[in-house]
2 protein chains.
Amino acid sequence: MSHAQRLRQRIEDEIVSGELALGSRLDENQLAARFGVSRTPIREALLQLAATGLVQAKPRRGAIVSAPEPHLLLAMFEAMAEMEAACGRLAARRLVPEDAEALQVALAGCKAAMAQEDTESYYAENYVFHTVVYRASRNAFLAEQALSLHRRLAPYRRLQLRVRQRLPQSLAEHEAIVAAIVAGDEIRAAEALRSHVIVQGDRFTDLVAGLWAPNAA
Amino acid sequence: MSHAQRLRQRIEDEIVSGELALGSRLDENQLAARFGVSRTPIREALLQLAATGLVQAKPRRGAIVSAPEPHLLLAMFEAMAEMEAACGRLAARRLVPEDAEALQVALAGCKAAMAQEDTESYYAENYVFHTVVYRASRNAFLAEQALSLHRRLAPYRRLQLRVRQRLPQSLAEHEAIVAAIVAGDEIRAAEALRSHVIVQGDRFTDLVAGLWAPNAA
DNA sequence: CTTGCAGTGCTTGTATGCAAGAAAAACCGT
DNA sequence: ACGGTTTTTCTTGCATACAAGCACTGCAAG
């Protein structure tokens with residue numbers, strides 16, 4: 001694989017994981033020095049990330065890690081909810097034993113993480129769970145799109161899970177989702193995923209409250 | 001705007017409009033000579049298009065216009081159907097007079113184009129109609145994603161509309177969609193859009209049959 | 001006649017150099 | 001002292017140069 005592709009993944013990971021703060025500047029020279037390459041592959045990596053929306057490239061003014069306005073962020077969560085609902089609908093219709101098994105395993109993983117009250121671990125297991133749902137849709141394109149958006153929203157999701165009481169509720173919702181999919185109930189599966197992902201009520205306040213910290217950085 | 005951005009739009013337009021055939025090679029030197037620039041901005045444009053999926057960049061082997069396998073293409077249409085359904089659902093819930101007006105105008109445009117039996121014109125009006133639906137969702141992110149995918153599927157849509165009898169049916173479906181949205185019936189709006197976009201039954205055969213021509217090029 | 005292999009040429013990927021534009025700093029006038 | 005203007009500097013964007021891989025041709029051997 002080329003340097004540019006490696007760098008793209010690396011920088012994307014650093015953004016998703018929160019190592020690179022939202023809104024922070026991505027200086028080409030600085031990154032080039034840091035990774036020991038010239039500016040060319042750095043530019044190529046940044047342009048690709050800009051095309052996917054993870055970074056924002058202002059002409060002649062460099063690139064920053066995307067920090068969407070709250071209203072756009074809500075729109076992204078709403079779109080995510082719709083995409084996950086679609087995955088759930090299709091999964092409920094098409095479920096094969098293999099995917100049913102994977103869902104149960106992923107659910108067990110979440111349960112174990114919650115039992116230990118380990119937020120970081122739950123965060124990872126949550127990622128696995130949703131990935132399994134995407135794949136269960138048996139629509140490779142939709143699954144990839146959903147995964148891409150999930151990763152893009154990861155920094156904010158991390159903030160959300162910090163809120164106390166969110167873990168048990170999240171797990172209960174996961175259980176309802178699996179139950180609906182396994183039962184083959186398309187409508188219930190879609191609705192369960194939609195309401196699981198959508199940001200409303202208290203969670204809206206939690207999300208907006210959490211936005212202050214990264215903006216300060 | 002920079003050269004790279006201009007070139008990105010230009011090449012994207014040529015792909016969407018079908019000037020650049022599916023699967024055709026995108027030679028950097030050739031494009032550089034054609035547009036009178038160096039390879040650098042060409043590469044940057046191609047990399048951005050690769051990140052959005054419109055072109056496929058094989059390492060050390062250059063870039064080609066994406067020509068997805070049939071099964072992936074069907075997945076893309078299915079995902080498109082789900083996204084449009086989501087737009088319709090939200091539009092039905094949130095419809096404001098401004099958007100209702102725009103829907104009626106777009107519908108009238110389609111009707112006029114069909115009256116003249118002008119496929120090219122209908123194609124353009126169809127694009128406008130769907131764009132209006134996206135916007136009516138009042139979700140800027142979802143609307144942009146939907147538009148992006150719509151453009152990416154444009155070459156295939158063009159093939160589909162060539163099929164006789166498709167135009168009247170498409171228009172009738174548009175009318176049903178508008179009726180459902182204006183009535184505020186979320187479920188009916190979603191279902192009308194889903195079935196309008198999804199490729200199944202005869203249209204599946206039509207689509208696959210149409211794929212032979214571009215592959216030969 | 002087919003098949004394996006080496007050499008050559010062409011394409012991509014990276015580095016470096018240069019010019020243009022924007023932010024920042026310094027300077028001048030009021 | 002303050003506002004506006006100029007200059008300076010730093011960054012981006014493009015061009016060119018160079019290196020590295022892959023493909024294709026031609027040849028020879030089975």
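Lettering follows sequence order; numbering is per chain, from 1. Every heavy atom of this structure was used, including side-chain atoms; hydrogens, water molecules and symmetry mates were not.
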**Study point:** Degree of bending, the helix from C:dC1-D:dG30 to C:dT30-D:dA1 (end axes from five pairs; round to 10°)
**Key:** 0°
Rounded distance (Å) that lies between atom [atom2] of [N] and atom [atom1] of [X]:
X	N	atom1	atom2	value
A:Ile42	C:dA15	CD1	C1'	13 Å
B:Glu28	C:dC10	CD	C1'	12 Å
A:Leu46	C:dT14	CG	P	14 Å
B:Asp27	C:dG13	CG	C1'	14 Å
A:Gln48	C:dG13	CD	P	10 Å
B:Leu26	C:dG13	CG	P	13 Å
B:Ile64	C:dT12	CD1	P	13 Å
B:Glu44	D:dA15	CD	P	10 Å

Review point. Can you tell me if CD on A:Glu144 sees more than 12 non-hydrogen neighbours from other groups inside 6.0 Å?
Key: no
Practice item. Using side chain to side chain contact (heavy atoms under 4.5 Å, CB included) as the criterion, list what pairs up with A:Asp13, not counting sequence neighbours. Key: A:Arg151
Revision key, fill the gap. The complete set of salt bridge (Lys or Arg N to Asp or Glu O under 4.0 Å) pairs with one or both residues in residues 45-55 of chain B, sequence neighbours excluded, reads none
Measure from the side-chain heavy atoms of [X] and tell me the nearest of [options].
X	options	result
B:Pro41	D:dT12, C:dT14, D:dA15	D:dA15
A:Asn29	D:dT11, C:dA15, C:dT12	D:dT11
B:Arg25	C:dT14, D:dC14, C:dT12	C:dT12

Could you pull out the protein-nucleic contacts involving nucleotides 17-22 of chain C (nitrogen or oxygen on both sides, under 3.5 Å)?
| unit_1 | atom_1 | unit_2 | atom_2 | d |
| --- | --- | --- | --- | --- |
| C:dA20 | N3 | A:Arg60 | NH1 | 3.4 |

**Study point:** Contact under 4.0 Å: A:Ser38 side-chain N or O vs C:dA15 OP1/OP2
**Key:** yes
Review point. What residues form a salt bridge (Lys or Arg N to Asp or Glu O under 4.0 Å) with A:Glu69, not counting sequence neighbours?
Key: none
Review point. Is the charged tip of B:Arg158 near the ring of B:Tyr123: under 6.0 Å from the six-membered ring centre and within 45° of its axis?
Key: yes
To the nearest 0.5 Å, how far apart are [atom1] in [X] and [atom2] in [Y]?
X	Y	atom1	atom2	answer
A:Tyr122	A:His174	OH	NE2	4.0 Å
A:Glu78	A:Ile198	CD	CD1	5.0 Å
B:Leu193	B:Met83	CG	CE	12.5 Å

Exercise for review: Assign A:Thr40 to base, sugar-phosphate, or nothing according to its heavy-atom contacts below 4.0 angstrom with the strands shown.
Suggested key: base
Review point. Got a donor-acceptor contact below 3.5 angstrom from the A:Ser121 side chain to the A:Asp118 backbone?
Key: no
Check your understanding: Hey, mind stepping through A:Gln169 and A:Glu173 against side-chain hydrogen bond (donor to acceptor under 3.5 Å, both in side chains) and telling me if it holds?
Key -> CA-CA 6 Å; A:Gln169 196 192 337; A:Glu173 289 168 7; 3.1 Å; yes
Review point. Where along residues 3-12 of chain A does a heavy atom come under 4.0 Å from DNA chain C, residue by residue in number order?
Key: A:His3, A:Ala4
**Study point:** Minimum heavy-atom distance A:Arg94-A:Ser137, with the two atoms named
**Key:** NH1-O, 3.1 Å
Exercise for review: Go through A:His130 and A:Glu84 one step at a time and tell me if the side-chain hydrogen bond (donor to acceptor under 3.5 Å, both in side chains) criterion holds.
Suggested key: CA-CA 8 Å; A:His130 283 269; A:Glu84 298 226 10; 2.8 Å; yes
